[in-house]
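Everything below concerns the one structure shown next.
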Amino acid sequence: HDSNDTQANKLTGEQVAEHNNKDSCWVIVHGRAYDVTEFLPEHPGGSKIILKYAGKDATEEFEPIHPPDTLDKYLDKSKHLGEVDMQTVEQEEKEFDPEEEERLKRVERMPILEQCYNLMDFEAVARNVMKKTAWAYYSSGADDEITMRENHNAYHKIWFRPRVLVDVEKIDTTTTMLGTKVDMPFYVTATALGKLGNPEGEVILTRGAKKHNVIQMIPTLASCSFDEICDAAEDGQCQWLQLYVNKDRAVTKRIVEHAEKRGCKGLFITVDAPQLGRREKDMRSKFADVGSNVQNTSGDNVDRSQGAARAISSFIDPSLSWKDIPWFLSITKMPIILKGVQCVEDVIRAIESGVHGVVLSNHGGRQLDFARSGIEVLAEVMPVLRERGWQDRIEIFVDGGVRRATDIIKALCLGAKGVGIGRPFLYAMSAYGLPGVDRAMQLLKDEMEMNMRLIGASKVSELNSTLVDTRGLSMHTATVPHDTLGLNVYDPLIGPKEKAK
Ligand SMILES: Cc1cc2c(cc1C)[n+](S(=O)(=O)[O-])c1c(=O)[nH]c(=O)nc-1n2C[C@H](O)[C@H](O)[C@H](O)COP(=O)(O)O
């Protein structure tokens with residue numbers, strides 16, 4: 001218990017509650033009070049969401065969206081009002097939410113982890129147990145989500161030409177990425193707002209990546225602070241930085257230099273998001289979450305019709321262009337990779353610009369709908385590079401829709417150095433925490449070993465384009481309205497105890 005005098009120095013809940021409007025707005029975050037009155041019009045998420053918590057404890061809403069050092073970094077010290085005696089703060093009566101009640105019942109009956117046999121199982125479970133806003137943010141794609149489904153669908157258009165009577169007693173799945181030796185040819189790609197799915201956030205992915213000796217790409221828009229994620233890594237663990245370039249280049253320079261100082265081994269500049277895509281599931285759920293009155297955006301200076309994603313990304317510089325590449329090459333020694341390249345012309349341009357790699361990606365279908373899948377672009381790129389003798393000039397990664405080790409093998413056969421995986425690890429983390437991420441990575445490892453054995457390759461360097469038939473790859477059939485693999489794989493509503501009635 002605090003002694004009386006320190007208690008006396010603390011603000012009381014009543015004192016904070018007096019400042020509950022736009023003329024004087026105080027909020028409590030992590031037991032400390034802040035005067036955000038002047039900040040209201042600058043808040044990227046609009047003023048309404050803050051005013052909803054004016055005079056109250058905003059921690060629960062604040063936590064998943066903002067790294068813990070946000071207020072220290074961006075709110076002038078004079079606005080930090082000090083500690084609050086939380087015993088005097090009236091805890092908000094949680095209004096009854098039938099949907100939340102239903103969700104909590106599904107959590108109780110969710111399948112045990114051992115019943116997840118592949119990455120799609122995690123998606124099926126997460127869909128039923130995650131909070132609506134979190135599921136909406138993670139699962140949404142842009143517009144009609146055609147590209148999001150095509151990403152996974154494209155792998156179904158590639159077939160294997162396995163070789164037999166190859167000695168495959170020993171299988172070696174290791175490879176190197178940007179000079180770092182890894183146990184598997186996949187990395188954990190950058191995905192924002194990890195605490196939407198799990199209160200611990202991205203540090204769970206750090207620990208999973210360590211356990212399986214794969215690389216984690218740290219997102220600019222992580223819920224955890226960059227330093228928290230670096231601190232969660234163990235000695236020798238390799239991490240990369242994913243960078244959204246800020247209109248204020250001094251901010252970007254500081255972030256890049258700090259990442260290099262912290263030991264990041266690659267700078268992945270995201271180039272497919274000069275503006276974040278329109279993700280309608282996210283937009284719908286976000287509004288439901290903060291109460292519909294925010295829809296009439298009277299007085300808000302932010303276009304809230306774009307959901308949370310837009311709100312947290314207004315700093316991104318849409319003027320970024322090839323002329324900026326020399327500056328990036330001048331401010332860091334880290335290898336520079338362009339993440340989100342989508343045609344062979346830009347791969348050639350990237351090589352000529354002096355960067356060290358590209359990720360062929362459409363941002364998981366969250367940006368331009370009808371962009372082609374990374375794997376289809378890879379099949380376009382490699383023959384052109386081989387013609388020029390440039391196939392080894394840079395490292396080429398792909399991401400988007402990778403759900404099986406056979407997807408990874410197809411990408412490597414077509415010349416990728418490795419693949420990025422996003423949503424499956426988010427779903428595993430959200431449904432089962434670190435054990436979920438651990439199991440997801442182990443499942444991929446087991447699948448990789450079996451499938452390499454069956455295709456007739458004992459190590460990654462033996463995977464080549466003669467092992468695949470890609471003739472069907474550029475045919476874009478009408479996409480099914482849902483990714484049936486995810487929907488039918490599981491009935492999470494019937495848990496181990498309850499049998500189907
Ligand atoms: C699923 C997801 C992906 C995001 C992502 C957030 C989520 C929830 N976010 S986003 O908020 O801006 O859209 C990022 C991001 O911060 N930066 C980035 O470069 N890619 C971002 N991506 C794209 C990601 O790096 C991969 O390109 C994509 O996830 C690969 O597809 P799969 O999810 O199907 O593996």
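Counting convention: from 1, in listed order, for ligands and their atoms alike. Computed over heavy atoms, backbone and side chain alike; hydrogens, waters and symmetry mates excluded.
- Both tests do not hold together for K247 against F315: distance to the six-membered ring centre under 6.0 Å, angle to the ring axis within 45°.
- Under a 4.0 Å heavy-atom criterion, N151 is not in contact with ligand 1.
- Taking every heavy atom of both residues into account, P185 and I408 meet most closely at CG-CG2, 3.9 Å.
- The T270 neighbourhood of ligand 1 comprises atoms 18 (C), 19 (O), with distances under 4.0 Å to a heavy atom of that residue.
- Selection from F425, F268, Y244, Y137 by nearest heavy atom to atom 15 (C) of ligand 1 gives Y244.
- With D346 contributing its side chain and R349 its backbone, the two residues share no donor-acceptor pair below 3.5 Å.
- Summarising the contacts of atom 31 (O) of ligand 1 with P424, S373, G422, G400, the nearest heavy atom is found in G400.
- The closest donor-acceptor contact from the side chain of K410 to the backbone of Y155 lies under 3.5 Å.
- Annotation for ligand 1: atoms under 4.0 Å from non-hydrogen atoms of S361 are 27 (O).
- For R279, the heavy-atom gap to ligand 1 drops under 4.0 angstrom.
- Each of the following atoms of ligand 1 lies closer than 4.0 Å to a heavy atom of R403: 32 (P), 34 (O), 35 (O).
- Counting heavy atoms under 4.0 Å from ligand 1, residue K339 touches it through the side chain alone.
- The cationic atom of R366 (NZ for Lys, CZ for Arg) lies less than 6.0 Å from the six-membered ring centre of Y137 and within 45° of the ring axis.
- Checking only distances, Y138 never comes within under 3.5 Å of ligand 1, N or O to N or O.
- When each atom of ligand 1 is checked for a heavy atom of L426 under 4.0 Å away, the hits are 8 (C).
- Residue T191 places no N or O, backbone or side chain, under 3.5 Å from any N or O of ligand 1.
- Residue G420 has no nitrogen or oxygen atom sitting less than 3.5 Å from a nitrogen or oxygen atom of ligand 1, judged on distance alone.
- The residue from G374, A190, S139, G364 that puts a heavy atom closest to atom 24 (C) of ligand 1 is A190.
- Just one residue in the list I218, I255, T270 forms a side chain to side chain contact (heavy atoms under 4.5 Å, CB included) with L243, and that residue is I255.
- D227 and H258 share a side-chain donor-acceptor pair at under 3.5 Å.
- The part of Q242 lying near ligand 1 is the side chain, judged by heavy-atom distances below 4.0 Å.
- The backbone N or O of V129 sits less than 3.5 Å from a side-chain atom of R103, completing a donor-acceptor pair.
- Using a 4.5 Å heavy-atom threshold, the side chains of E395 and I337 count as separate.
- Below 3.5 Å of separation, one finds no N or O of P219 facing any N or O of ligand 1.
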Just do the salt bridge (Lys or Arg N to Asp or Glu O under 4.0 Å) check on D369 and R278 with the steps written out, would you? CA-CA 9 Å; D369 211 8; R278 204 166 176 285; over 6 Å; no

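- Contacts between R366 and ligand 1, counted as non-hydrogen atom pairs separated by less than 4.0 Å, involve the side chain only.
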